[in-house]
Amino acid sequence: MHLYNLTLQPPTATTQAIVGNFSGARQQEIIVSHGTRLELLRPDAQTGKVATVIATDVFGSIRSLAAFRLTGGTKDYAIVGSDSGRIVILDYDPKTSSFVKLHQETYGKSGARRIVPGQYLATDPKGRSVMISAMEKSKLVYILNRDAAANLTISSPLEAHKNAAIIHHIVGLDVGFENPMFAALEVDYTESDQDPTGEAFNNAEKMLTYYELDLGLNHVVRKWSEPTDPRANLLVQVPGGQLASSDRFDGPSGVLVCCEDHIIYRHADAAQHRVPIPRRKNPLEDPSRGLIITAAVMHKMKGAFFFLLQSEDGDLYKVTIEHEEEEVKSLKIKYFDTVPVASSLCILKSGFLFVASEFGNHFLYQFQKLGDDDNEPEFSSTSYPSFGMAEPSVPLPRAFFRPRPLENLVVADELESLDPIIDSKVMNLLPNSDTPQIFAACGRGPGSTFRTLRHGLEVEESVSSDLPGIPNAVWTTKRNEDDPFDSYIILSFVNGTLVLSIGETIEEVQDTGFLSAAPTLAVQQIGADALLQVHPQGIRHVLVDRRVNEWRVPQGKTIVCATTNKRQVVVALSSAELVYFELDLDGQLNEYQDRKAMGSTVLALSIAEVPEGRQRTPYLAVGCEDQTVRIISLDPESTLDTISLQALTAPPSSICIADMLDASINKAQPTMFVNIGLQNGVLLRTVLDPINGQLTDTRTRFLGTRPVKLVRVQIQRNPAILALSSRSWLNYTYQNLMHFTPLIYDNLDYAWSFSAELSPEGLIGIAGSVLRIFQVPKLGMKLKQDSMPLSYTPRKFITHPGNNYFYMIEGDHRVLSEEATAKKLEALRQQGKRIDEEVINLPPEQFGRPKAAASTWGSCIRIIDPIEAKTLSVINLEDNEAAFSLAVVPFSARGGELHLVVGTAADTHVSPRSCSSGFLRTYKFVDEGRALEFQHKALRIYDIGKKKLLRKVENKTFTTAIVSLATQGSRIIVGDMQESIQFAVYKAPENRLLTFADDSQPRWISAMTMVDYNTIAAADRFGNVFVNRLDPKISDQVVDDPTGAGILHEKAQLMGAPHKTKMLAHFHVGDLITSIHKVSLVAGGREVLLYTGLHGTIGILVPFVSKEDVDFISTLEQHMRTEQGQASLVGRDQLSWRGYYVPVKAVVDGDLCETYARLPGTKQQAIAGELDRTVGEVLKKLEQLRVTASGF
Amino acid sequence: MSSELRYTANTQLEHLHARYTGTGHADLSKYEWLAHQHRDTLSSVVGHPTLTSFLAIADGEAIGRVKFEMTERMLQPCGPPPKKDDD
């Protein structure tokens, strides 16, 4: 078994985001880390929309990111701390649109280790140095500078280590142009490790330490160290330093120390200021709970600065500091707004706030105001004795605010994110679909969603109107060459043509010079200001003054097809002749003296657009009934000579030549593609060699059951091809690479570009007698998402064999159930407390639910109709019960009737795992036997009785906790939380449940599926996916043993089951896999393993069909690895990344192989040469692997 | 082994232990070993974004809170050290 791993949807969780002028232009950009991927986002200040510029896999785990700018520079660089044991400085190169690694300095071992730096990064605000720190002890300081040629330089590292110190956070202090200084929040564990009484532990002090980099001595010294609040968790830089021009101070310098319930302003030799973190005035809040700040951002404006701090509930606070020169007068805090809990906050100079949510969709907000003059209560350090620091160990009186809907911010854009995917199913449930959909349970808490993912581009329809008849084609055209928008819509019917003009309204016009009594074959805006209509009887050339020059076909012949561009017209006659026209310099259309006899009826014609600065395009493609496509010269030297010929498997139905950019073929300029649609629904894509006119590099794709129609359109200012069959497809360039994706839209009969003021980049299409105008807004998203809200974090969902509904269990820890909430409110009312209804009724999707004490649960069972995307019914669980497992079970005592069995537990404690009681709830479908049940610590077989389930068998040998079960026949596959996969069997005659095989390695199973009777594909918590197989001989032996006595008396091996499974394949994906399915993603395609990851990854493992493929792709991977060795953006070795925990076995990294398309041409050539192939063949193989397995 | 060599070997070893926190040695007590294990595990969890997300979902807390509590636990992951017998 050999597998090919391919990511279909990269992770969408954002672990960190930084803002800066990375391209060096005036515009600010955001770099986000998706854990294993870096993405550059560009928010548009006008439209407030965020666009992806580039996204790159780094083949490593990004742990920290920081932006910095050298003094006097205009461009920001990104520093990346990862698990590679290296610090990397990246520069975004706008010319090649890629990240360039400027420096890579190795300092330690790879892996996310305790004392190897990479966890925290802090930069000097003047861009002179950077500190990179580990979780414990190690801190390294690098000096950044520029050399004579203005290149960025990096020094060797200076150590600022402190033994036995746990580091909570580090930050760069703003000290102006004095020696760079860094602040660290550290705790020393030496004493608490030595003191058995525990007193030292209780008295352990959290130290705020300043490290100064002495630029003169090239040395780091511990400058100052003072204890601070023991529950401090985060440091925020406070502006400081003097401006060079004036002697005014930017700020007081120092840091904000964010602690539980308090914010402290701190600086060496300066008075401390402390304010409480205001809490929500909500009667349901747990008053014993502390509140911490989890994200913070400082923003400097002209002469002022403020902070936005976000609490773990998602509330934003605006913090301001009043200061005179370097002396702080007061520290003030007030509630600002509530947004989703963020992993990072970024403020853009253009007035936007980017919130990279820790779970769920990311948001871009626009500032409406800065909360300066509202009635929100403000808490100042001056209102407390000694600025709140009279008794530092005693908390300040609590401060409160009323949460309310957004007032200062307004949503500008939302970036869809699947993070976290907790469970999924892959099925084809939607009508009129030939490919399966992915149903995913996503999100956390009240923001959870159930999403339907369909492969294809989302279409936004703006107009849909009925027409009097059924047209067979539609065109739009401008009147003049320089018009920004189209003026006419031309519809061709069987016996006539309708011209509509586009203005305030769309209405019919008569006086356009177009012939309305005959159908139309082609419409073109030709020359500077003329129009052209081709109809079966001739060609009408409508000049600007409405004079018409008409060319008529010879008697007894008609025009069967035509192709046009701005200067050239080619028509094919019913007598299989080609007539060629060209526009001369006076704007006259001239016929070429000879006609070309083709010898076979012409079915399709196409010429490309006239290249910029040229008179004509030199090639014409002609598709004939004899199943050939010929390339014919239009060059004046050899007009109408046949250059090359390609045989086809079916008669062509449509041809389209387009110049499109595909960086895998040519990075500098567009490539001329000849797309040939066949009558059997197949599309051929070939590359036309611009020098000799030969057709090379043919790729085929099955589009649908109807003959293919091809139309050249404009998508986001780039040429694209719309291919219409029983599904509509779009062939387009995105991030310099060519993509081919179906549109999620009704079948179209014909389509054309449409450009008007309201929809400058639209498309117009006809479907039956309906005219539609639509857009394709997002080219990057190949999976269209439709979502439906859920109440709590989804845990699992299952299907029913007899209907198309999903049964889902949801549950949230630290949440009061609806029943408990109502009870608590009632109790409060009875105590005579006033309850603020408005605060109680704030939507939980936005504000979250009040956090309750540990072991409190809110949970429900939900029935979902996935086709309609709606909830059919919800059963809320009461008495602090939470559902953890469910199954549809036939009970033989009830005649095999199916029942839903839900495993629940009351008063569940997460760590250490315990509960007061566990239940199996059995539901009848309506409105019982043998069942497999899933309970922690013990696996039991139950039978149904009259009133309750009866226990049948039990096996208590499972070590930790069972997280996953699968069955086939009497075989039971058990996935244990720590002890990998075990094979068990139920022997009915003796009523025995026996474990007969297990894994020789411990594995923390997170998901698994049976590939066949003896093979299991499973994933563990650390991001690995693997395949285990049981020896078929042992399998047979177990099956043949009627009573299980043989297994029972076999000798245990390695303190486990008597037999061991063998590992066949192993791979580190980098995301925690939450579900695996064995499915076929394309109609009639091979079965693949599809997995979903917690961070939103969707990927597949494709089994190779032949040994040849394995050899070829493995060799390619090897070459790519050497190539990537220098290129990995975090400096992690790809092979060691994919073999993070266990060496890679029998899996090829498809994501790495696909970066072949982005390599420079010479390198592509060199690798292809080593493989004895051409570059085209390598690319074709890679595309074929992707398309045949996934259709993506 | 000459006494001089033994001397240098030992200092080298001591130097290495000081440099690589968490490295075991022959006289390591059970408590010390366990504390090292726990600190290594906790810092590894904080260092892997998927694991912090996973724990945050399971526990119903914010990722920031999970990271903070994990880091706090590194101070004394296995309770106070056992009393020394020799005094």
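Any value given below was found using the heavy atoms of this structure, including those in side chains, with hydrogens, waters and symmetry copies removed. All chains are named by letter (A, B, ...) in the order of the sequence lines, taking the proteins before the strands, and each is independently numbered beginning at 1.
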Contacting region of A/L291 [heavy-atom separation from chain B under 4.5 Å]: backbone
Within 45° cone and under 6.0 Å: B/R39 NZ/CZ vs A/Y189 ring: yes
Which portion of A/R231 sits near chain B, non-hydrogen atoms under 4.5 angstrom: both
Contacts of type side-chain hydrogen bond (donor to acceptor under 3.5 Å, both in side chains), residue A/H1068, not counting sequence neighbours: none
Flag for A/R63-B/H48: side-chain donor and acceptor within less than 3.5 Å: no
For chain A, which residues of residues 51-58 of chain B have heavy atoms nearer than 4.5 angstrom: B/L51, B/S53, B/F54, B/A56, B/I57, B/A58
Segment of A/I167 engaging chain B (4.5 angstrom heavy-atom cut-off): backbone
Segment of A/Q194 engaging chain B (4.5 angstrom heavy-atom cut-off): both
Choice from A/T15, A/T294, A/I166, A/V910 maximising heavy atom contacts with chain B below 4.5 Å: A/I166
Test side-chain hydrogen bond (donor to acceptor under 3.5 Å, both in side chains) applied to B/E32 - qualifying residues, sequence neighbours left out: B/S29
Side-chain touch A/K206/B/E72, heavy atoms, less than 4.5 angstrom: yes
B/Q76 side chain vs A/S192 backbone, donor-acceptor pair below 3.5 Å: yes
A/R113 side chain vs B/S44 backbone, donor-acceptor pair below 3.5 Å: no
A/R289 versus chain B, the contacting section by heavy-atom distance below 4.5 Å: side chain
Exercise: do B/E61 and A/H813 side chains pair donor with acceptor under 3.5 Å: no
Heavy-atom side-chain contact between A/L234 and B/F68 under 4.5 Å: no
side-chain hydrogen bond (donor to acceptor under 3.5 Å, both in side chains) involving A/T197 - partner list, sequence neighbours excluded: A/D195
Top contributor to chain A interface from B/T41, B/L42, B/T21 [non-hydrogen pairs under 4.5 Å]: B/T21
Gap separating the CE atom of B/M74 from the CE atom of A/M135, nearest 0.5 angstrom: 4.5 Å
Segment of A/P11 engaging chain B (4.5 angstrom heavy-atom cut-off): neither
Toward chain B, the part of A/Q119 with a non-hydrogen atom under 4.5 Å: side chain
A/S343 side chain reached by B/I63 side chain, heavy atoms, under 4.5 Å: no
Top contributor to chain A interface from B/P80, B/A62, B/P82 [non-hydrogen pairs under 4.5 Å]: B/A62
Per-residue contact mode, A/A232 against chain B (heavy atom under 4.5 angstrom): backbone
